[in-house]
Amino acid sequence: MKRLVPLTIAIVAGFTLIIAYFFPIAQQWSDNVQEWFKILAVGAMVLGGGNLIKLHLKKVSAKRKGWGYSMVTIVCFFGVLIVGFLKVGTPPNTNYPDYVWSGYYLQEGSGVWWIYLHMIVPLTSMMFAMLAFYVATAAFRAFRAKNIEATLLLVTAGIVLLGRTYAGVWLFDAWLPESMLWLRFDNLTEWIMNAPNTAGNRAIMIGIALGTVATSLRILLGVDRSYLGQD
Amino acid sequence: MTSNLGIAVAVSMMCGVSALGQEWCASHSPMPPSNLVATDAPDDDGKAIELSWDVSPSDVFSQKYAGTRAPDPGIDVVNYVILRKVEATSSDEEVSPEQSQWIVVSEPSAGDNKWTDRSAERNWTYSYRIMAADAQGDQSPWAQTAETVVARLQIFNMSRAWLAIFTILFTGFVVYFINRARSGKKIWVRKIAGLKAIDEAVGRATEMGRPVLFVLGIQDISEIQTIAGLTVLSRVARTAAEYGAQIEVPTCRSLVMAAARETVEAAYLAAGAPDAYQPDRIHYLTDEQFAFVAGVTGYMVREEPAACIYMGGFYAESLILAETGNHIGAIQVAGTAMPSQLPFFVASCDYTLIGEEFFAASAYLSDDPLQIGSLKGQDWGKFLSVYLLIIGIFLATVISWGNYDEGFFVNSRDFIKNNLLGVEGFWPAPGDVELGDDS
Amino acid sequence: MEKPQGSNTLIWSIVFIVGAIMLLISLSTSRTGQVWVTPTHHAFTVTSETNSNGGAVWKSIDPSTATNGDITWTTYAAVPEVELEDKITSNEASLSWPRTIGLWLAAMFTLFILSFLVGDNPAYKFAEAMVVGTSAGYVMVIGIWDVFVPDLLANLFPETIKGWVLPGLSPEPLEGLGYALHLVQYIIPAILIVMLLWNLMPSGGWISRWPIALFIGVTAGFRMIGAIEADLLAQIRAGIVPLWQTTDGVFDFWLSFKYFTITIATLSAMVYFFFSIEHKGFIGKTAKVGIWFMMITFGASFGYTVMGRIALLAARLEFLFGEWLHFIPAS
Amino acid sequence: MLLSVAIPILMKVSFPEEVSPQTRMVFDVIENLPDGSNVLLSYDFDPASEGELLPMAQAFTRHCCAKGHKQYYMTLWPLGSPMVDKSLDTIRSEYPDMIYGEDFVKFDYKAGGEVVIRVIGTDLRAMFPLDSSGVSLDELPMTKNIKNLQDMDVIVNVSAGDPGTKQWVQFASTPYSLTTVSGCTGVQAPQMYPYIPEQLAGVLGAIKAAAEYEQAIAEKYPEIASNPSAQEAKRRMGPQLIAHSLMVGLILLGNWIFFVSRKRGEA
């Protein structure tokens with residue numbers, strides 16, 4: 001029972017959506033279902049956020065290594081929740097001044113805005129920017145001409161790296177005759193992006209599409225039911 | 001999109017020079033558009049009417065005046081005004097006086113020559129009018145549709161007819177080979193190097209007494225990659241349970257956490273080690289991509305997992321994770337159908353399942369003949385795609401080589417491109433005008 | 001990351017000392033790390049008119065004339081750097097402490113994350129704990145105000161929500177069957193949430209599998225059609241190009257060569273993905289060529305990406321040098 | 001790496017740019033629309049990719065303003081709203097004649113990614129009954145006659161990932177044959193090339209293309225060229241050149257070490 005009902009739900013829902021796609025009268029259905037999903041995803045945050053806090057509380061109460069940092073997480077989490085839910089520092093919407101709650105929570109000067117700009121932005125965007133170092137270490141270590149494949153990888157990467165900046169033009173402009181201009185790295189880069197890169201990506205995309213079809217079918221035919229848990 | 005966009009208007013004829021121009025200059029209003037045609041929108045749920053018209057000669061985008069006179073703000077069309085009137089409703093009720101008024105439904109800008117009214121009601125009958133307006137708000141006389149039009153519901157979306165056929169075909173291939181496998185027929189599939197590595201990685205983690213890190217990507221459960229990742233997780237968790245290794249699954253979405261717990265719990269049960277299952281090791285961090293990465297990399301440098309397995313939909317975090325994994329010396333296996341991240345996994349992981357291989361992995365790992373059968377069906381889908389591609393390219397090359405404008409080759413190519421692979425219905429309509437040509 | 005620990009410490013100390021010197025120079029010469037703001041006063045007074053909802057209409061008035069019954073508040077906007085000195089001289093701008101503190105915090109957090117380069121350390125641990133907690137709370141806040149309230153509650157209880165947070169809401173007047181259908185459409189997700197959260201209960205947690213199964217089924221169906229239509233058929237269609245290319249009616253060798261390359265690369269890479277054919281003989285060689293083209297693709301993507309990553313780092317450094325330290329004009 | 005990026009920033013190094021055909025295609029799409037067309041701008045990125053994408057988004061905004069297009073702003077990313085606000089600030093400060101509600105409008109972030117696109121594909125109001133300031137769409141002159149996506153002349157999507165360009169192509173450009181241009185991160189751009197020209201009218205890849213786009217606008221509209229903040233991307237190309245050269249140097253060094261150590265191993 002515990003597996004049969006959800007399996008039936010999955011199969012019926014999946015096939016219904018496939019069929020609905022071909023009938024104009026039912027074209028709203030998938031939109032409805034997707035809207036449910038996004039509402040459910042918010043509801044599920046209670047599960048996720050609750051779990052996050054539970055784990056950190058456990059760590060704090062057991063005074064396990066690094067419990068102080070867990071404290072920071074808990075305080076930050078609840079701090080943002082309170083500021084956000086109460087719309088601290090958010091003035092009303094100028095079109096509806098008599099509605100205290102009508103303001104936009106991210107408006108400049110509001111509490112959430114402050115947290116967003118001064119905590120979330122620097123932390124997440126610096127984390128992202130760390131990639132500048134990681135691409136360098138990855139290139140340094142992995143791009144070695146060990147075999148044909150690796151050589152192709154590094155040569156293409158090298159050409160594109162230079163071709164994407166003025167260096168690709170500057171290196172060749174002085175001595176390359178007019179008829180050989182296509183050899184300039186910026187032109188070569190454009191060609192690589194348009195020809196082999198387009199083709200490689202096209203093949204990968206077609207493969208992924210077919211893989212998606214087969215994976216979906218394995219679920220819809222009930223062949224793959226690993227997501228269902230035990231009886 | 002109109003084909004007469006971007007036509008330069010040269011200075012040659014000012015208002016008052018041509019007879020036509022003079023007449024309309026005098027009345028200080030633009031000339032009207034013409035030929036307003038309203039048709040029921042095809043393949044819809046009966047709530048749309050398509051309108052098209054010939055732009056006003058005072059419209060600077062009109063070909064009639066292209067290059068013949070300078071723009072004149074006094075009479076140039078700024079926009080059109082479309083009005084609508086209800087002629088009959090779907091029921092037997094009389095049309096109320098309110099409904100039978102002409103009301104403005106749209107004001108498309110100059111140069112436009114078509115618009116779709118999507119506020120129609122199913123089975124209602126309408127009439128339309130259009131006029132041109134200039135910058136002062138002066139309006140031209142109106143042009144009206146010759147016939148009324150009814151918004152009708154189409155039962156089947158014919159533009160998707162071939163999509164339906166392809167869906168049935170691909171499904172058919174997979175179902176056929178699953179059935180063949182069910183009847184006991186052995187199906188051969190080639191080996192994928194990365195898959196063996198997963199077992200080795202879990203084994204090594206067990207020997208070293210360190211955990212296995214499994215990341216399901218950062219997409220929600222509404223993405224097929226996450227689901228494919230879950231099926232791989234199912235198998236990895238089972239191996240881990242059999243060996244007695246610990247498996248750590250941080251997730252970026254709450255629903256993924258819930259689904260992953262079900263999956264891992266079932267895997268531990270199947271391996272006969274339900275007591276070893278620790279739900280807290282499958283935990284949610286945060287939905288924010290880089291905050292999630294910060295959490296996972298922090299875990300990696302502190303706990304030093306011996307194996308890191310990345311299966312799912314990844315974005316920029318792929319390289320941060322994989323390079324951190326490299327730094328701590330873990331065996332790394334990745335699988336994703338995110339083409340943009342494949343280069344980074346290929347560069348920093350020991351094994352990478354590329355695109356389709358990743359989807360195939362869950363079937364391979366299951367050791368279930370039915371799932372392996374589905375791989376063969378997938379290959380047949382690929383055969384079909386390759387054949388279509390080759391035939392299409394052959395036809396296109398012959399046409400270009402022989403410089404044909406019409407005939408068998410052109411018709412066949414257009415049929416493949418527009419009907420089979422496009423949205424122009426099951427069969428080319430007789431005397432079909434080419435799409436996108438409005439002039 | 002690959003350097004030995006000793007030189008790491010050295011580099012780090014140098015960076016630290018240089019940074020400290022720069023900070024001192026900057027502090028002594030300019031308005032480093034300060035944020036100045038100018039106030040805007042808003043005032044509204046009630047009028048005798050009523051709007052379509054029957055509520056009183058509030059009208060914007062000159063703040064200096066505001067009296068007791070009026071609604072007033074003040075917002076602040078940061079002063080752009082070019083206008084800063086003028087505004088300070090004319091006494092229009094004032095130093096904003098919350099924003100100044102925020103700017104310093106932001107700069108500190110940026111440096112904390114950067115410190116991960118030399119390895120795990122307390123500063124990074126602190127930043128990590130903070131970003132996880134803060135962002136988890138933040139996405140929840142967004143989910144509530146942007147989805148839960150307007151999409152679920154506003155449909156279930158339009159009048160309450162309208163009187164509370166969304167006064168601009170104009171719910172469609174529905175009655176009879178239409179109303180019932182509308183209600184059901186939004187009660188379903190509410191029920192799904194309850195089923196999912198049942199997981200937290202001591203027993204019957206298996207009911208949470210139902211919503212998950214529903215969406216896994218939906219995803220499978222939905223993605224399957226999407227993959228066939230937008231990726232598979234559209235990509236095959238895009239791949240159909242003549243190999244005989246002409247420019248102005250004359251055979252163009254290089255253009256033809258380009259399309260020939262595209263075709264060969266596409267087909268050979270597709271052959272690589274065949275699972276049920278052994279990769280040997282002709283098929284094996286073709287698959288090998290397919291891998292080569294994929295490697296070129298990956299190399300190109302890698303090289304192409306570097307630019308974006310450098311740009312991100314550049315943007316962060318511009319933040320540090322510009323907005324914070326005022327070495328260069330802030331963007 | 002840190003120094004190679006930091007020094008050019010402090011020295012304000014910049015290099016000339018040439019407009020590539022790809023960028024020209026994107027520029028022409030916006031340029032060739034009749035003035036006052038409806039343009040939907042979806043800025044699907046967050047502060048994390050601000051450095052790479054904001055200059056591009058600003059360039060699109062300035063170009064649309066210069067052409068007097070009606071601009072409909074939205075975002076599919078939870079943290080994307082402030083990114084849109086930066087563009088609105090640009091409009092307000094550089095084009096004071098443009099009026100909110102008549103020339104540009106902003107819709108709030110809605111969760112759901114491609115669902116949002118699919119819904120507004122048939123019914124804008126089902127997703128956005130109100131604009132971001134809480135005003136009903138029927139009360140704004142520019143939105144009152146807009147029923148759905150299909151009333152747009154062009155979709156401009158600046159995106160850092162998912163949901164982003166791929167979703168716009170799949171759920172808007174392909175089903176409704178809408179002209180769509182995209183500006184995306186360097187990592188995404190290569191995946192978008194196969195969509196050109198049928199499903200996408202053009203792609204700007206990363207800061208390089210943004211710099212070229214700025215150049216293309218500056219050539220056509222000299223008044224924009226004199227605005228230093230309209231040269232953001234060009235300025236950022238200085239560090240790029242140095243850092244790219246450094247990376248190539250690193251790859252060469254890596255290979256040199258590799259070959260030397262292999263020779264020693266053989267000897």
Side-chain angles (χ1 to χ4, degrees), chain A residues 18 21-28 34 37 40-41 44-49 51-52 54-55 58 66 120 123-128 130-131 133-135 137-139 141-143 153 157 200-201 204-208 210-219 221 223-224 226-230, chain B residues 43-45 153-157 160 164 167 170-171 174-175 178 220 222 224 227-228 230-231 234 254-255 257-259 262-263 265-266 269 280 283-285 288 290-291 293-294 316 319-320 323 337 339 344 347-348 354-356 358-360 362-363 366 370-371 374-375 377-378 381-382 385:
Chain A
I18 292 177
Y21 196 72
F22 298 99
F23 296 91
I25 195 157
Q27 67 188 12
Q28 298 284 334
Q34 296 286 313
F37 180 77
L40 181 71
M45 283 180 188
V46 176
L47 209 60
N51 174 254
L52 176 76
K54 192 180 103 187
L55 286 187
K58 266 189 191 171
I120 295 182
L123 287 166
T124 57
S125 49
M126 189 59 222
M127 197 68 213
F128 198 176
M130 297 289 277
L131 274 170
F133 304 101
Y134 289 125
V135 283
T137 55
R141 204 196 48 252
F143 287 0
L153 191 72
N201 273 313
I204 292 174
M205 274 159 84
I206 292 176
I208 289 172
L210 284 164
T212 306
V213 173
T215 307
S216 303
L217 280 173
R218 283 197 286 271
I219 288 163
L221 298 172
V223 179
D224 179 352
S226 47
Y227 63 94
L228 281 174
Q230 90 278 24
Chain B
D43 301 323
D44 75 335
D45 58 345
L153 163 81
Q154 278 77 33
I155 302 285
F156 185 79
N157 186 340
R160 288 176 179 158
T167 308
F170 290 134
T171 314
V174 174
V175 171
I178 288 179
D220 213 330
S222 60
I224 201 82
I227 297 175
L230 277 174
T231 60
S234 161
S254 308
L255 279 171
M257 176 191 86
E262 296 290 349
T263 308
E265 192 179 2
L269 194 80
D280 279 354
H283 56 99
Y284 166 83
L285 276 174
E288 220 292 324
F290 291 103
V293 179
L319 189 65
I320 306 185
E323 277 297 294
F344 305 109
S348 1
I354 300 169
E356 197 178 357
F358 165 52
F359 288 115
S362 58
S366 66
L370 300 189
Q371 294 215 35
S374 70
L375 287 179
Q378 205 169 323
K382 228 165 305 163
S385 314

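Source: prediction; values computed, not measured. In what follows, every chain begins at residue 1, and chains take the letters A, B, ... in the order their sequences are listed.
Considering only heavy-atom pairs separated by less than 4.5 Å from chain A, the leading option among B:Ala316, B:Ala228, B:Ala258 is B:Ala316. The choice from B:Val174, B:Leu255, B:Leu230 that makes the most heavy-atom pairs within less than 4.5 Å of chain A is B:Leu255. Options A:Ile204, A:Asn201, A:Leu221, A:Thr212 differ in how many heavy-atom pairs under 4.5 Å they form with chain B, and the most are formed by A:Thr212. In terms of non-hydrogen atom pairs under 4.5 Å with chain A, the most contact-rich of B:Val293, B:Ile178, B:Asp44 is B:Asp44. By number of non-hydrogen pairs under 4.5 angstrom with chain A, the leading residue of B:Ser222, B:Ser385, B:Pro339, B:Ala259 is B:Ser222. Heavy-atom pairs under 4.5 Å with chain B were tallied for A:Leu55, A:Ile18, A:Leu153, A:Val213; the largest tally goes to A:Leu55. Counting heavy-atom pairs under 4.5 Å between each of B:Phe170, B:Phe344, B:Phe156 and chain A puts B:Phe156 at the top. Among the candidates A:Ala44, A:Ala26, A:Ser125, A:Ala214, the residue making the largest number of heavy-atom pairs closer than 4.5 Å to chain B is A:Ala44.
Heavy atoms of A:Tyr21 lying under 4.5 Å from chain B belong to its backbone as well as its side chain. With a 4.5 Å cut-off on non-hydrogen atoms, A:Leu52 touches chain B through its backbone and its side chain both. Using a 4.5 Å cut-off between heavy atoms, A:Ile25 contacts chain B through both its backbone and its side chain. Both the backbone and the side chain of A:Leu210 come within less than 4.5 Å of a heavy atom in chain B. Heavy-atom distances place the side chain of A:Phe37, and not its backbone, under 4.5 Å from chain B. Both the backbone and the side chain of B:Ser348 come within less than 4.5 Å of a heavy atom in chain A. A:Met45 touches chain B through backbone and side chain together, each having a heavy atom under 4.5 Å away. In this structure, the portions of B:Leu370 lying under 4.5 Å from any heavy atom of chain A include both its backbone and its side chain. When heavy atoms are compared at a cutoff of 4.5 Å, B:Asp280 approaches chain A by way of both its backbone and its side chain.
To the nearest 0.5 Å, atom CZ of residue B:Phe290 and atom CD1 of residue A:Ile120 are 14.0 Å apart. Between the OH atom in A:Tyr134 and the CD1 atom in B:Ile320 there is a gap of 6.5 Å [rounded to 0.5 Å]. Rounding to the nearest 0.5 Å places CD1 of A:Ile219 at 4.5 Å from CD1 of B:Ile227. One finds the CZ atom of B:Phe359 at 8.0 Å from the OG atom of A:Ser216 (value rounded to the nearest 0.5 Å).
Between B:Glu323 and A:Arg141, some side-chain heavy-atom pair lies under the 4.5 Å cut-off. Between A:Phe22 and B:Thr167 the shortest side-chain heavy-atom distance falls below 4.5 Å. A:Asp224 is listed as a side-chain neighbour of B:Gln371, based on a closest heavy-atom distance under 4.5 Å. In this structure, B:Glu262 and A:Leu228 have side chains that are not in contact, with every pair of non-hydrogen atoms separated by 4.5 Å or more. Taking 4.5 Å as the limit, every side-chain heavy atom of A:Tyr227 sits out of range of all side-chain heavy atoms of B:Thr231.
A distance-only check finds a donor-acceptor pair linking the side chain of A:Asn51 to the backbone of B:Tyr284 [under 3.5 Å]. Listed for the A:Arg218 side chain is no donor-acceptor partner under 3.5 Å among the backbone atoms of B:Ser374.
With sequence neighbours left out, the side-chain hydrogen bond (donor to acceptor under 3.5 Å, both in side chains) criterion links B:Ser234 to no other residue.
In this structure, B:Gly355 and A:Ile208 approach most closely via the heavy-atom pair CA-CG1, 3.7 Å. Taking both residues in full, the closest heavy atoms of B:Leu319 and A:Ala138 are given as CD1-CB, 4.0 Å, listed atom of the first, atom of the second, then distance.
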